[in-house]
Amino acid sequence: MATLTVWKFDSSDGAAEAEQALLQLQKQELIKVLDAAVAAWPQDAKKPKTKQLHNLTGAGALSGTFWGMLFGLIFFMPLLGAAVGAAAGALGGKMADVGIDDDFIDSVKSQVTPGTSALFLLSQDAVVERVKAAFPGGHAQLIQSNLDSEQEAKLREVFAD
């Protein structure tokens, strides 16, 4: 079963460093990274910079649409117009069907602030203690949302290419 997790770091480059550490752990078979994305928010920036891990392919990888809409709901919603906001609201309802609800979005939004970064990770088979220990400086805060198989299937259906 896949798990969607969000890891917050106290620096704007911590999430990118953690992403590289996870890819090394995957080579050691300590985690299976299905997909990942990073939101880095430099202290002096108005909004975070986002990046999807592009070197993953196959059934595990989520679409760029998924990451873009999730980041839009979390970081950019106040900037959207009414028509786009209504469409995003409908999408938000679909995301709630797959375990990403308003509480999840609000929690991430309140914790990822200027000067921090976040790693959004879809993974399975993680040796959690080894994963956390591999993160840069060991400073990471985990917000976790487990997806059951039905929620995972709905997620893939909604965001299929």
Side-chain angles (χ1 to χ4, degrees), residues 1-42 45 47-76 91 94-101 103-105 107-161:
M1 178 167 107
T3 302
L4 176 65
T5 56
V6 180
W7 296 83
K8 178 194 169 203
F9 297 86
D10 294 332
S11 68
S12 61
D13 60 349
E17 293 172 11
E19 179 183 70
Q20 292 307 308
L22 286 173
L23 294 177
Q24 291 301 315
L25 290 174
Q26 180 169 255
K27 291 178 183 176
Q28 299 171 34
E29 298 183 3
L30 296 171
I31 189 170
K32 184 173 182 182
V33 177
L34 302 174
D35 207 348
V38 170
W41 199 335
K47 60 184 178 181
K49 296 178 182 177
T50 59
K51 175 184 78 78
Q52 179 183 356
L53 183 62
H54 291 290
N55 64 349
L56 297 175
T57 58
L62 296 173
S63 73
T65 303
F66 169 78
W67 294 118
M69 294 307 284
L70 179 61
F71 287 151
L73 287 170
I74 293 172
F75 299 114
F76 308 116
L91 178 65
K94 288 185 177 187
M95 293 186 85
D97 290 342
V98 295
I100 301 171
D101 59 12
D103 291 338
F104 176 90
I105 291 168
S107 176
V108 174
K109 186 186 300 189
S110 70
Q111 294 181 54
V112 181
T113 57
T116 68
S117 60
L119 173 65
F120 295 74
L121 177 67
L122 185 66
S123 65
Q124 64 187 39
D125 304 329
V127 180
V128 177
E129 300 79 24
R130 296 282 304 269
V131 169
K132 183 154 174 48
F135 282 168
H139 298 287
Q141 180 180 355
L142 174 65
I143 304 166
Q144 182 171 323
S145 173
N146 287 329
L147 304 176
D148 64 27
S149 58
E150 182 179 320
Q151 290 172 326
E152 182 180 345
K154 287 181 182 178
L155 180 65
R156 294 190 191 290
E157 181 181 311
V158 169
F159 295 100
D161 283 328

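Every heavy atom of this structure was used, including side-chain atoms; hydrogens, water molecules and symmetry mates were not. Values in this document were obtained by computation on a predicted structure and should not be read as measured data.
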Under the side-chain contact (heavy atoms from CB on, under 4.5 Å) rule, collect the residues that match up with A18, sequence neighbours excluded. F9, L119, F135, P136
Any chance you could measure I31, atom CD1, to D125, atom CG, to the nearest 0.5 Å? 9.0 Å
Quick one: list whatever passes salt bridge (Lys or Arg N to Asp or Glu O under 4.0 Å) with E17, sequence neighbours left out. none
Smallest heavy-atom separation, A21 atom then A134 atom, equals CB-O, 3.6 Å
For the student: nearest non-hydrogen atoms of A40 and S117, plus distance: CA-CB, 3.9 Å
Given E19, which of L121, V38, V33 fulfils the side chain to side chain contact (heavy atoms under 4.5 Å, CB included) condition? V38
With a 4.5 Å limit on heavy-atom distance, are the side chains of I74 and F120 in contact? yes
Would you please name every residue forming a side-chain contact (heavy atoms from CB on, under 4.5 Å) with K32, sequence neighbours left out? Q26, L34, Q124
If we only count heavy atoms from C-beta on, is the Q52 to D35 side-chain gap below 4.5 Å? yes
Which residues pass the side-chain contact (heavy atoms from CB on, under 4.5 Å) test with Q28, sequence neighbours left out? L25, L30, R130
Residues in side chain to side chain donor-acceptor pair (under 3.5 Å) contact with D13, at least two apart in sequence or another chain: S11
Do you know the tightest heavy-atom contact between W41 and V112? CZ3-O, 3.3 Å
